[in-house]
Amino acid sequence: MGGGWDDLVGSALLGTERRRPGGMVGDAEEAAAGLLNAAATGVVRRRAGLRPAPAGERPPVAAEDRRPELPDAARRRLGMLLADRTAGSGGNRRGSAPNLAELLPQWLAAARREGYAAPPELLPALLDAARARTDLRSDALAFAGPRGRWLAGLNPDWRYALRAGAGAGAADGPGPEEPVQAERLWEEGLFAERIALLSRLRVSAPDTALALLAATWKSERAEDRLMFLDSLRTGLSEADEPFLEQALTDRSRNVRATAAELLSALPGSALAGRMAGRARSCVSLGPDGIVVEAPYECDAAMERDGVAPRPPNGRGERAWWLGQLVDAAPLATWPARFGGRTPEEIIALPVLDDWQPDLHASWCRAAVRQRDEGWARALLGPPPAAAAPLAAVGDPAKLLSILPAAERAEWVAAFIAAHGLSEAFQMLGVCAVPWAAPLGRAVVDALDIARDAGSYPWSFSGVMGLAERCLDPAGAEQVAALAGGGDGVPDAAPGAAAYWGEAFQRLGSTLRLRAQMLAELRPAQP
């Protein structure tokens, strides 16, 4: 009963009072019910009547992963961590159970260092975890290996893995031994695939990467040119200077600024020389100290070399231009300018007319950009004593990141001992993991002092989270000794002792679990 499918659709659109499918009788209500019955029958017929489509092309076989399999205990541990990856984090959690979500990044990094292959049955959960947390991607994708990339190609939700060049590793994409494939991917690939290729080649074959970029540079969109140019930070060298000099005339202001920044990180570049000449004309040594005569205008040549003419709100034009010139000038300019003085001696010189904050802040940025340990050390100065301000006018964490790991940890440990944890979070974030023993002791002692001061542990949730990830597991006993204390703290906030006890118990449990995790990943000794 009822007409064809098109007839049923027409009646449904117009209504059975105006148009009834062929063969239907009765009143409007009966016709409407008949229409629905006919439509249901038609749907079944249409689905059942489909002819089988030709089979799709079978996906290629995944590349062989020659890395050793995980030990059984480590395999089980990974399954637990992936199952619990959505757990909460931070020092404001209640209870003493370790936070497994914070242990997953460490487990992946350790497994990658040991050179294990990911278990095939856990690859879907691993790719899901890395999709949700970008901080996992580099280690997760390297651990997933060729099977992970193969699997990611079959599920659109995991396509990020095909775009993550750094995490995939150079071995998973075209390299210098496959120039034809690399050129084809560069010319035909998606933007994300091209970025990944460029990132890989900057590590394995920087000349090839630069040649590919130069070949298509003029036809790229401005936003793409900026991203491609930013990838040149990896392996930046004098060989990139001619290309970057040409980019100084790019029609995009952001591209020009990035090219100028990269050139200023090459102390021997022509741009660095031009900036040094301008900076020298602004900064000199007088009988009473350093004399600063900031620029009175930003001319076209300065703009071409990356000087932004318009300052941000609240910043004077002359100070803004001066800062950019000093930022980009090689730091080797200043000992020669100031009679052979060392960076420490230059920093100690008085700067006249209130220009010291601007000049020292610029030297801090230059030290970070040029990765100059000597200047970073001089600008930081020794760890300040209690109640004394920092010597550096800038970001001490960035300056610390330039120093060797041991020196960095020693400086931060001394700072925490004198100033506590309130200003140390960013500094702790740039220290090598696991923290050196003196740094770990300084952090735990400072947490104990904070408890004795009567505060709540969630006031230090960031540091607690860092401690769970970064303290050496050997420090678990020191932490365990603190878990039962704090009951007799005068003027403590209500319930603070119990909260601190839980926090220290959790920290100790996490450290013991981390030690166990690492032991599971080490191959059994014969």
Side-chain angles (χ1 to χ4, degrees), residues 89-93 98-99 101-107 109-110 133 135-136 138-139 364 367-368 371 373 376-377 379-392 394-453 455-476 478-479 482 500 503-504 506-511 513-515 518:
S89 63
N92 58 341
R93 305 190 317 275
N99 179 19
E102 290 300 331
L103 296 178
L104 183 56
Q106 299 174 52
W107 191 98
R133 291 181 57 177
D135 62 312
L136 300 178
S138 178
D139 287 327
C364 286
V368 172
R371 311 296 298 174
E373 287 185 17
R377 194 173 290 116
L379 288 159
L380 277 169
L390 278 168
D395 188 341
K398 291 182 178 179
L399 292 171
L400 283 165
S401 69
I402 302 171
L403 302 181
E407 182 179 355
R408 203 183 315 160
E410 181 181 357
W411 197 99
V412 177
F415 179 88
I416 290 172
H419 293 266
L421 295 167
S422 59
E423 299 179 48
F425 182 75
Q426 297 297 332
M427 301 179 195
L428 286 169
V430 300
C431 290
V433 177
W435 288 336
L439 177 58
R441 285 194 297 271
V443 170
V444 175
D445 288 345
L447 288 170
D448 191 24
I449 292 171
R451 176 181 62 180
D452 291 344
S455 59
Y456 285 110
W458 45 78
S459 300
F460 301 90
S461 60
V463 174
M464 276 291 192
L466 277 179
E468 291 182 3
R469 298 189 294 273
C470 303
L471 268 175
D472 192 319
Q478 180 193 5
V479 173
L482 299 176
W500 275 108
F504 281 126
R506 182 171 58 250
L507 179 55
S509 299
T510 300
L511 295 177
L513 182 54
R514 281 177 54 204
L518 295 175

Undergrad: For the atom pair CD1 (Ile416) and OG (Ser422), what is the distance rounded to the nearest 0.5 Å?
TA: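 With rounding to 0.5 Å, CD1 (Ile416) is 10.0 Å from OG (Ser422).
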Undergrad: Taking all heavy atoms of Ala442 and all of Ala413, pick out the closest pair and write down the distance.
TA: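 That would be CB-O, 3.8 Å.
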Undergrad: Using side chain to side chain contact (heavy atoms under 4.5 Å, CB included), reason through Leu447 and Met464 one step at a time and then give a plain yes or no.
TA: CA-CA 9 Å; Leu447 288 170; Met464 276 291 192; 4.1 Å; yes
Undergrad: Distance check, rounded to the nearest 0.5 Å: Ser461 atom OG versus Phe425 atom CZ?
TA: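 Going from the OG atom of Ser461 to the CZ atom of Phe425 covers 8.0 Å.
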Undergrad: What pair of heavy atoms forms the shortest contact from Cys470 to Val433, and how long is it?
TA: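 Where Cys470 meets Val433 most closely, the heavy atoms are SG-CG2, 3.6 Å.
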Undergrad: At what distance, to the nearest 0.5 angstrom, does CZ of Phe415 lie from CG of Leu428?
TA: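 Spacing of CZ (Phe415) from CG (Leu428) equals 10.0 Å.
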Undergrad: Does the side chain of Asp139 reach to within under 4.5 Å of the side chain of Pro105, using non-hydrogen atoms?
TA: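 A side-chain contact under 4.5 Å is absent here.
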Undergrad: Any salt bridge between Glu468 and Arg514, counting N to O under 4.0 Å?
TA: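 Not counted as a salt bridge, because no side-chain N and carboxylate O are separated by less than 4.0 Å.
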Undergrad: Between Leu482 and Trp500, does the side chain to side chain contact (heavy atoms under 4.5 Å, CB included) criterion hold? Intermediate values first, please.
TA: CA-CA 9 Å; Leu482 299 176; Trp500 275 108; over 6 Å; no
Undergrad: Provide the closest heavy-atom pair for Ala409 versus Cys431 in the form atom of the first, atom of the second, distance.
TA: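 The answer is CA-SG, 4.4 Å.
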Undergrad: Are side-chain heavy atoms of Glu410 and Pro438 found at a separation under 4.5 Å?
TA: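 Of all side-chain heavy-atom pairs linking Pro438 with Glu410, none is under 4.5 Å.
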Undergrad: Hey, could you give me the CD/OG1 distance between Gln106 and Thr510, rounded to the nearest 0.5 Å?
TA: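 OG1 of Thr510 is found 9.0 Å from CD of Gln106.
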Undergrad: Distance from Leu471 atom CG to Leu511 atom CG, nearest 0.5 Å?
TA: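 Output value for this atom pair is 5.5 Å.
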Undergrad: Judged by atom type as modelled, is there a donor-acceptor pair below 3.5 Å linking the side chain of His419 to the main-chain atoms of Ala414?
TA: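 Here the side-chain-to-backbone pair does not exist.
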Undergrad: Kindly give the heavy-atom pair with the smallest separation between Leu399 and Ala376, and that separation in Å.
TA: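 What the structure gives for the nearest pair is O-CB, 3.7 Å.
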Undergrad: Using the rule given for side chain to side chain contact (heavy atoms under 4.5 Å, CB included), can you reason through Leu421 versus Ile449, listing the C-alpha separation, both sets of side-chain angles and the distance that settles it, and then say yes or no?
TA: CA-CA 10 Å; Leu421 295 167; Ile449 292 171; over 6 Å; no
Undergrad: Carefully, step by step, assess Cys364 and Asp395 under the rule side chain to side chain contact (heavy atoms under 4.5 Å, CB included).
TA: CA-CA 8 Å; Cys364 286; Asp395 188 341; over 6 Å; no
Undergrad: CG of Asp472 to CH2 of Trp435: how many Å apart, nearest 0.5 Å?
TA: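 The CH2 atom of Trp435 is 11.5 Å from CG of Asp472, to the nearest 0.5 Å.
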Undergrad: Please tabulate, for the side chains in residues 400-408, all donor-acceptor contacts under 3.5 angstrom to protein atoms that are two or more places apart in sequence or on a different chain.
TA:
| from | atom 1 | to | atom 2 | distance (Å) |
| --- | --- | --- | --- | --- |
| Ser401 | OG | Lys398 | O | 2.6 |
| Glu407 | OE1 | Arg377 | NE | 3.4 |
| Glu407 | OE1 | Arg377 | NH2 | 2.9 |
| Glu407 | OE2 | Arg377 | NE | 2.6 |
| Arg408 | NE | Leu400 | O | 3.2 |
| Arg408 | NE | Leu403 | O | 3.3 |
| Arg408 | NH1 | Val430 | O | 2.6 |
| Arg408 | NH2 | Leu403 | O | 2.8 |

